[in-house]
Amino acid sequence: MVDSVFLTFPLVDMTVPLDGELPVRAGTTTPIRTVVNEPGGPANILIAARRMGCSILPVGLVGDDYYGSFLLDAYRREGIDTSRLRVRPGLETRKVLVLVDRNGQHAYISMLEGAFEPLPDLEDLMASTRSLCLSGYMLMDRGTGGEIMRAVRLARKLGRAVFFDPGPLIPQIPADWMDEVLASSDAVILNDEEARLLSGLEGVEEGARAIGARTAGRVVVKAGPGGCHIWEDGAGYWYPGFSVPLVDTTGAGDSFLGAYIFAALSGWDRETAALFSNAMGAAMVAKRGSGTQVPTFGELVKVLEDGGCAVPAETRRLGRFGALTLRRELDNISMA
């Protein structure tokens with residue numbers, strides 16, 4: 001049994017580091033030094049989770065082109081099961097152009113329309129997993145989204161956990177589907193801007209409370225360097241972020257989600273899950289790029305310990321996270 005099934009549109013990030021600042025102005029020429037290809041989007045979640053010991057099975061389509069082969073090879077090198085990523089002849093593998101400026105801020109130019117196909121063995125697939133992971137991108141189209149909704153309903157019928165990331169295009173998701181997925185979710189994980197879009201409210205706490213009224217699960221709002229806010233059982237909790245040098249914000253939210261899924265399925269308490277996920281996001285922004293640049297075990301441990309979280313010696317010795325309880329000693333924080 002796998003830890004999670006992820007119904008997704010695999011894609012490649014084509015990252016362009018800029019010497020200057022965004023935005024790029026029309027009619028100008030902006031010199032660059034390189035373009036770097038990395039597995040993008042869902043790959044950040046898959047790789048973050050896999051490096052922590054969590055098995056997430058991606059289900060979707062790639063094209064029979066260079067980029068499809070690039071993705072499959074990269075996934076396999078990370079130990080990710082690609083048996084449910086089908087190669088469709090004639091399909092162009094989805095790509096995102098990622099502009100990253102000298103301040104670490106990014107802009108995405110994305111191929112948003114993916115491709116998905118009916119899954120005749122969906123019931124068997126859902127019976128073989130502990131949970132379902134999906135993003136709002138998969139719900140934007142009434143054609144492909146119908147299969148996603150069938151998976152959500154099966155997950156609830158079978159008692160599987162549902163992790164839902166609404167994504168930035170919330171207004172394009174059919175309202176009835178959004179209501180049903182929220183009501184079916186064990187955790188809704190989104191950033192502060194997405195919380196504003198979904199709730200119609202400006203404040204993180206107010207937004208989380210409003211979304212919490214639409215789901216029986218946790219609402220986890222990512223707030224960048226501010227950490228995250230969790231709404232659960234009628235109460236809200238803030239968990240501060242970790243101070244790191246900002247290099248590139250690409251993939252930070254996705255890697256946070258991968259870490260959160262691992263933490264939740266490991267049965268860790270709310271504070272441990274929040275601190276662990278915050279540390280993963282922080283470790284990600286301290287690096288440039290996405291995909292294979294997702295933090296390693298050692299990089300995550302360093303952020304935790306520099307931020308005042310004691311990591312057991314046995315965990316460091318084994319090189320993997322098992323049972324874990326994190327608490328933050330705020331008077332023991334390294335500023336290095």
Side-chain angles (χ1 to χ4, degrees), residues 3-4 44-45 47-54 56 131 133 161 163 165 186-192 195 204-205 208 212 217-233 235-246 249 251-287 294-336:
D3 290 316
S4 194
N44 300 309
I45 300 167
I47 294 173
R50 187 74 189 104
R51 288 184 177 180
M52 298 305 110
C54 184
I56 301 183
S131 68
C133 177
F163 299 98
D165 174 7
D186 294 84
V188 179
I189 305 100
L190 68 175
N191 65 32
D192 45 4
V204 167
E205 296 173 18
R218 283 180 180 172
V219 178
V220 183
V221 182
K222 300 170 289 185
C228 69
H229 179 77
I230 296 181
W231 179 266
E232 182 179 33
D233 296 331
Y237 308 86
W238 272 105
Y239 298 99
F242 293 80
S243 178
V244 296
L246 173 60
T249 56
D254 292 335
S255 57
F256 177 107
L257 176 55
Y260 184 84
I261 291 171
F262 170 67
L265 292 176
S266 297
W268 297 349
D269 65 72
R270 181 181 57 242
E271 183 172 359
T272 299
L275 292 172
F276 184 81
S277 304
N278 281 345
M280 177 65 86
M284 187 68 179
V285 303
K287 305 178 72 174
V294 162
T296 63
F297 172 86
E299 290 166 340
L300 181 53
V301 167
K302 185 176 190 311
V303 170
L304 285 167
E305 294 189 326
D306 286 353
C309 292
V311 176
E314 183 69 1
T315 296
R316 294 199 307 276
R317 185 184 71 80
L318 292 174
R320 60 181 174 82
F321 294 97
L324 185 67
T325 300
L326 293 175
R327 297 294 181 263
R328 202 160 185 195
E329 302 295 335
L330 294 178
D331 58 348
N332 189 34
I333 295 179
S334 169
M335 300 307 290

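For clarity, every value in this text was computed on a predicted model and none was experimentally measured.
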Student check: side-chain heavy atoms of C228 and F256 closer than 4.5 Å = yes

Indicate the atoms forming the closest heavy-atom contact of V294 with M284, along with that distance.
-> CA-SD, 3.6 Å

Once you round to the nearest 0.5 Å, how far does SG of C133 lie from CG of D165?
-> 7.5 Å

Whether W268 and F276 hold their rings parallel, tilted or perpendicular, with breakpoints at 30° and 60° | perpendicular

Report the distance from atom CE of M280 to atom CD of E299, rounding to the nearest 0.5 Å.
-> 9.5 Å

Can you see which heavy atom on R316 is nearest to which on V311, and at what distance?
-> NH1-O, 2.7 Å

Nearest heavy-atom approach of A48 to G258 is CB-CA, 4.3 Å

CG on D3 to OG on S266, rounded to 0.5 Å | 7.5 Å

Does atom CZ of R320 have more than 12 heavy-atom neighbours, drawn from other residues, nucleotides or ligands, at distances under 6.0 Å?
-> no

Provide the closest heavy-atom pair for C54 versus I261 in the form atom of the first, atom of the second, distance.
-> SG-CG2, 4.5 Å

All heavy atoms of L275 vs all of C309, minimum pair found to be CD1-SG, 4.1 Å

Okay, side chain of T249, backbone of V285: is any donor-acceptor separation there less than 3.5 Å?
-> no

Heavy atoms only: give me the nearest A208-V221 pair and the separation to one decimal.
-> CB-CG2, 3.9 Å

With distance as the sole test, does S255 use its side chain to make a donor-acceptor pair with the main-chain N or O of A252 at under 3.5 Å?
-> yes

Do R218's NZ or CZ and the ring of Y237 fall within the cation-pi criteria of under 6.0 Å and 45°?
-> no

Please check if the side chain of N278 supplies one atom and the backbone of P240 the other of a donor-acceptor pair under 3.5 Å.
-> yes

For L300 and M52, what are the C-alpha separation, side-chain angles and deciding distance, and is it a side-chain contact (heavy atoms from CB on, under 4.5 Å)?
-> CA-CA 10 Å; L300 181 53; M52 298 305 110; 3.6 Å; yes

Given the rule in the side chain to side chain donor-acceptor pair (under 3.5 Å) test, do R270 and Y239 qualify, once you have shown the distances and angles that lead to the verdict?
-> CA-CA 10 Å; R270 181 181 57 242; Y239 298 99; 2.9 Å; yes

CG on L257 to CD1 on I56, rounded to 0.5 Å | 7.5 Å

Gap separating the CZ atom of F262 from the CG atom of L324, nearest 0.5 angstrom | 8.5 Å

On the 0 to 90° scale, with breaks at 30° and 60°, tag the F321-F297 ring pair as parallel, tilted or perpendicular.
-> tilted

Separation of D192 CG from K222 NZ (nearest 0.5 Å) | 9.5 Å

